[in-house]
Amino acid sequence: MSKTNLYQSAVDGAHKKYRATREGRNADFIPALAKMDPKLFGIALVGVDGKRAKAGDADTQFSIQSISKVFTLACALQAVGDEAVLEMVGADATGQAFNSIMAIEQTKGKEMNAFVNPGAIAATSLIKGKTKAEKWARILGIHEAFAGRKLKVNQEVYKSETDTNERNRAIAVLMHSYKRLYSDPLVTTDLYTRQCSLSVTASDLAVMAATLANGGKNPVTGRQVIDHKYVPRILSVMATAGLYDDSGIWLYRVGLPAKSGVGGGIIAVAPGRFGIAAFSPPVDQAGNSVRAQKAIEHIAAALGANPYNTRPL
Ligand code: GLN
């Protein structure tokens, strides 16, 4: 079978198998997310050679939410370097919910990572720019470079989240009080909220994941988006903290670095091979899309993608 056909049959197999799954519930702490059609289910895969496969609602727009943390981390790494990110944000799993205040209190804002909200907001505060508009242009620009197209903020989600994100503002101010935030806390929280509200499709996210699989070079546009030396840093945080406090279970089952968002998207990276993205709004207790997890697990197994699955000589 050609590679394209192999990809397409793995993606179709996952879509068919989990089309009828109805577990999980839409996230409702952001009111706009609660309104999404829970039946939406899309999958996309992009190889490092640019070959593509997709199934279902792969071209439906939804908000990127926490998957944006991956690309803002990439931007922060480019801005200050990997040793500074390790020192200023951290790279340790907290073992707590993504928006835990306890996690901040226990370590005075240290020993975080860029994928829980305190560390993510700290990463956003590292983005360079004299004005808020300049910082936003950088954040948007890196997402667009990874996706290979222009992206827009979903204004309904942005407004809904802005109206209800007292908790993220509290997290930012608390981090600031521990000197673990590097820019104005409320401006930074607003930038963070905007990045979470970017509209993407599963097809976009698969290109973004494939760019990480391909040493930071977008396999569709051919553009080197970030220095390849930062890719293993990003993938390490995805492996240890990409699915929040269920990251260990995920790695145990699937073996691929991944990142989820409460909008229902998940990306996973098969290093050197391909990126996968799946999307379906209903999420589990930890905030990870139920069907997206199952779909990616199925595809990774079908394509033998687990890099820990060694065979004896
Ligand atoms: N914007 C959401 C928040 O900050 C993102 C959470 C998520 O996707 N887990 O709370």
Side-chain angles (χ1 to χ4, degrees), residues 24-36 61-73 89 93-104 112-125 136 139-140 143 151 153-175 181 185-200 202 205 208 237-238 240-247 250 258-268 277-293:
R25 286 188 51 204
N26 287 22
D28 56 8
F29 70 97
I30 302 169
L33 299 183
K35 292 197 319 209
M36 290 197 71
Q61 308 256 355
F62 58 95
S63 60
I64 188 168
Q65 293 300 336
S66 282
I67 304 172
S68 68
K69 291 168 176 164
V70 174
F71 308 102
T72 304
L73 169 61
V89 179
T94 63
Q96 311 249 16
F98 64 86
N99 53 6
S100 169
I101 304 266
M102 286 292 295
I104 307 174
M112 286 287 155
N113 67 76
F115 295 168
V116 287
N117 289 12
I121 298 170
T124 300
S125 79
W136 174 245
I139 296 170
L140 177 63
H143 284 79
L151 299 175
V153 167
N154 177 325
Q155 293 298 336
E156 191 198 349
V157 172
Y158 172 62
K159 182 165 186 321
S160 175
E161 193 164 346
T162 301
D163 289 346
T164 55
N165 72 352
E166 294 86 357
R167 190 175 181 93
N168 283 340
R169 292 196 289 263
I171 286 172
V173 174
L174 190 56
M175 287 292 280
L181 213 80
L186 297 182
V187 169
T188 305
T189 309
D190 183 49
L191 288 168
Y192 166 80
T193 306
R194 258 195 245 178
Q195 79 183 45
C196 290
S197 309
L198 281 170
S199 264
V200 289
L205 288 176
M208 296 169 97
V237 188
M238 289 173 71
T240 53
L243 271 76
Y244 307 112
D245 35 336
D246 278 353
S247 299
W250 171 264
K259 183 73 200 85
S260 69
V262 284
I266 302 184
I267 60 170
F279 152 67
S280 184
V283 298
D284 63 17
Q285 290 294 324
N288 300 313
S289 167
V290 176
R291 284 202 289 193
Q293 290 180 77

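In each ligand, atom 1 is the first atom listed, and ligand 1 is the first ligand listed. These values consider heavy atoms only, across backbone and side chains, with no hydrogens, waters or symmetry-generated copies.
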Number the atoms of ligand 1 from 1 as they appear, then name those within less than 4.0 Å of a heavy atom of Gln65, with their elements.
-> 1 (N), 2 (C), 5 (C), 8 (O)

Could you say whether the N/O atoms of Ile30 and ligand 1 ever approach to under 3.5 Å?
-> no

Which atoms of ligand 1 sit under 4.0 Å from any heavy atom of Cys196?
-> 1 (N)

Quick one: does ligand 1 sit under 4.0 Å from the side chain of Ile67, the backbone, both or neither, non-hydrogen atoms only?
-> neither

Positive for side-chain hydrogen bond (donor to acceptor under 3.5 Å, both in side chains) with Asn168, one of Asn117, Thr162, Thr193 | Asn117

Atom 9 (N) of ligand 1 has as its nearest protein heavy atom Tyr244 OH, 2.6 Å

Measuring from the heavy atoms of Gly261, does anything fall under 4.0 Å of ligand 1?
-> yes

Can you find a side-chain donor-acceptor pair between Tyr158 and Asp190 that sits under 3.5 Å?
-> yes

Contact check, side chains of Tyr244 and Gln96, non-hydrogen atoms, under 4.5 Å | no

To which protein heavy atom is atom 4 (O) of ligand 1 closest, and what is the distance rounded to 0.1 Å?
-> Tyr192 OH, 2.6 Å

Among Thr189, Asn99, Asn168, closest by heavy atom to atom 3 (C) of ligand 1 is Asn168

Atoms of ligand 1 less than 4.0 Å from Phe29 heavy atoms?
-> 10 (O)

Any side-chain donor near an acceptor of the partner, Thr72 and Tyr192, under 3.5 Å = no

Side chain or backbone of Ser66 under 4.0 Å from ligand 1, or both, or neither, by non-hydrogen atoms?
-> both

Going by atom types only, do Gln285 and Asp246 share a side-chain donor-acceptor pair under 3.5 Å?
-> no

Taking side chain as C-beta onward, heavy atoms only, is Ile121 less than 4.5 Å from Leu181?
-> yes

Are side-chain heavy atoms of Met175 and Pro118 found at a separation under 4.5 Å?
-> yes

Identify the residue among Arg167, Arg169, Glu161 that makes a side-chain hydrogen bond (donor to acceptor under 3.5 Å, both in side chains) with Asn165.
-> Arg169

Any idea which part of Glu161 is under 4.0 Å from ligand 1, heavy-atom wise: side chain, backbone, both or neither?
-> side chain

